[in-house]
Amino acid sequence: MTTEPRIAEVQRDTKETQIRVRVNLDGTGQATLSTGIGFFDHMLDQIARHGLIDLDIDAKGDLHIDGHHTVEDVGITLGMAVAKAVGDKKGLTRYGHAYVPLDEALSRVVVDFSGRPGLEMAVDFKAGMVGAFDTQLAYEFFQGFSNHALVSLHIDNLKGHNAHHQCETIFKAFGRALRMAMTLDPRSAGVIPSTKGSL
């Protein structure tokens with residue numbers, strides 16, 4: 001089993017956004033974040049902290065329009081970086097899940113590094129905005145991530161009355177589920193975790 005840190009960096013530039021993402025999947029949860037949307041930075045910090053992923057994200061987007069392109073494109077670029085860092089998936093646990101509460105809110109996230117992208121998300125946010133973050137964009141972030149990390153991702157907010165709490169439980173549970181799925185299993189070192197022989 002590899003002892004080399006799983007690190008990747010991706011730069012993605014469009015006419016709408018310029019985004020650089022660097023990840024260390026075997027980090028300690030350190031984050032340097034700059035997206036121009038304070039609450040979104042706070043949510044990305046949850047992924048780093050609870051996923052034990054070192055995360056460096058610098059995003060410049062057309063925030064004078066709204067946050068849509070920035071949030072979606074950060075999801076895309078983060079997905080690309082995670083896919084690159086994971087590599088051939090040999091020894092990967094592959095599946096991860098987490099339940100995370102915050103006061104009255106409770107969310108569940110389940111992820112599979114299947115190589116087949118797909119998002120199922122059931123969240124009834126109780127407010128349209130949290131700070132400068134449009135809660136509809138949570139879906140766009142996770143859609144971008146799942147499409148480019150090539151994961152199957154299920155996100156459910158089971159309870160919650162406060163949109164800040166709902167969103168935070170989702171991002172924390174996502175970080176925890178990633179951490180589990182991306183952990184290298186010493187019992188399957190060098191083995192791709194699929195009967196197909198590839199993912």
Side-chain angles (χ1 to χ4, degrees), residues 10 12-21 23 29-51 53 55-82 97-111 117-149 151 153-179:
V10 174
R12 184 177 186 272
D13 296 329
T14 73
K15 291 182 179 180
E16 297 166 340
T17 61
Q18 298 80 48
I19 296 169
R20 183 185 58 81
V21 172
V23 296
Q30 302 302 305
T32 303
L33 306 163
S34 178
T35 68
I37 305 171
F39 185 75
F40 186 40
D41 286 350
H42 182 47
M43 293 301 96
L44 294 170
D45 196 25
Q46 303 305 324
I47 297 172
R49 188 69 51 89
H50 295 282
I53 301 165
L55 192 54
D56 186 351
I57 297 178
D58 183 64
K60 294 176 177 62
D62 53 2
L63 296 181
H64 62 286
I65 296 174
D66 68 5
H68 190 289
H69 299 140
T70 299
V71 173
E72 180 180 25
D73 289 2
V74 167
I76 289 169
T77 312
L78 178 59
M80 293 167 68
V82 167
H97 64 272
Y99 286 81
V100 170
L102 175 57
D103 297 342
E104 89 297 345
L106 174 66
S107 292
R108 174 185 62 216
V109 174
V110 184
V111 64
L119 172 65
E120 292 291 333
M121 183 169 169
V123 182
D124 179 19
F125 282 112
K126 303 305 181 185
M129 299 292 291
V130 179
F133 182 79
D134 180 349
T135 53
Q136 293 182 94
L137 298 184
Y139 181 91
E140 304 304 328
F141 170 80
F142 289 115
Q143 180 79 76
F145 178 87
S146 64
N147 282 346
H148 292 269
V151 301
L153 184 60
H154 289 252
I155 299 172
D156 296 280
N157 175 240
L158 305 175
K159 296 180 181 179
H161 303 296
N162 179 289
H164 185 132
H165 294 169
Q166 290 175 291
C167 206
E168 191 162 331
T169 56
I170 289 166
F171 277 83
K172 285 178 174 176
F174 176 66
R176 282 277 172 175
L178 281 184
R179 177 178 167 182

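Remark: Glu120 CD is loosely packed, at most 12 non-hydrogen atoms of other residues, nucleotides or ligands lying under 6.0 Å away. His97 NE2: 12 or fewer foreign heavy atoms inside a 6.0 Å radius.
Every residue two or more places apart in sequence or in another chain that forms a side-chain hydrogen bond (donor to acceptor under 3.5 Å, both in side chains) with His164 is listed here: Glu168. Residues passing the side-chain hydrogen bond (donor to acceptor under 3.5 Å, both in side chains) test with Thr35, sequence neighbours excluded: Asp41. Residues forming a salt bridge (Lys or Arg N to Asp or Glu O under 4.0 Å) with Asp66 (at least two apart in sequence, or on another chain): none. Glu16 pairs by the side-chain contact (heavy atoms from CB on, under 4.5 Å) definition with Thr14, Asp62, His69, not counting sequence neighbours. Scanning for salt bridge (Lys or Arg N to Asp or Glu O under 4.0 Å) contacts around Lys159 gives an empty result, with sequence neighbours left out. With sequence neighbours excluded, the residues that form a side-chain contact (heavy atoms from CB on, under 4.5 Å) with Val10 are Thr77, Met80, Ala81, Lys84. For Asp103, the side-chain contact (heavy atoms from CB on, under 4.5 Å) partners two or more places apart in sequence, or in a different chain, are His165. Residues that satisfy the salt bridge (Lys or Arg N to Asp or Glu O under 4.0 Å) test with Asp56, not counting sequence neighbours, are Arg20. Under the side-chain contact (heavy atoms from CB on, under 4.5 Å) criterion, Arg49 pairs with Asp45, not counting sequence neighbours. The side-chain hydrogen bond (donor to acceptor under 3.5 Å, both in side chains) check on Lys126 picks up Asp124, with sequence neighbours excluded. For Asn162, the side-chain hydrogen bond (donor to acceptor under 3.5 Å, both in side chains) criterion is met by no residue, not counting sequence neighbours.
Of the inter-residue distances, the one linking Asp73 atom CG with Glu140 atom CD reads 10.5 Å to the nearest 0.5 angstrom. For the atom pair CG of Leu78 and CG of Leu55, the computed distance is 6.0 Å after rounding to the nearest 0.5 Å. We find the CG-CG distance between Asn147 and Leu119 to be 8.0 Å, quoted to the nearest 0.5 Å. One finds the CD1 atom of Ile170 at 11.5 Å from the CG atom of Leu102 (value rounded to the nearest 0.5 Å). To the nearest 0.5 Å, the span separating OG1 on Thr70 from CZ on Phe40 amounts to 8.5 Å. To the nearest 0.5 Å, atom CZ of residue Arg108 and atom CG of residue Asn157 are 10.5 Å apart.
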Show me the donor-acceptor pairs within less than 3.5 Å that the side chains of residues 131-139 make with the rest of the protein, sequence neighbours left out.
residue: Asp134; atom: OD1; partner: Gln136; partner atom: N; Å: 3.0
residue: Thr135; atom: OG1; partner: Ala127; partner atom: O; Å: 2.8
residue: Thr135; atom: OG1; partner: Gly128; partner atom: O; Å: 3.2
residue: Tyr139; atom: OH; partner: Gln143; partner atom: OE1; Å: 2.9

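For the residue pair Val109 and Ala173, the shortest heavy atom distance occurs at CG2-CB, 3.6 Å. Among all heavy-atom pairs drawn from Pro101 and Thr169, the shortest one is C-CG2, 3.7 Å. The two residues Ser146 and Pro117 come nearest to each other via the heavy atoms O-CB, 3.3 Å.
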**Study point:** Residues Ser107, Val100; criterion side chain to side chain contact (heavy atoms under 4.5 Å, CB included); working and verdict
**Key:** CA-CA 6 Å; Ser107 292; Val100 170; 5.7 Å; no
**Study point:** Criterion side chain to side chain contact (heavy atoms under 4.5 Å, CB included) on Leu158 and Tyr99, from CA distance to verdict
**Key:** CA-CA 10 Å; Leu158 305 175; Tyr99 286 81; 3.7 Å; yes
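The ring-ring contact (aromatic ring centres under 6.0 Å, His included) test with Phe171 is passed by exactly one of Phe39, Phe141, Phe145: Phe141.
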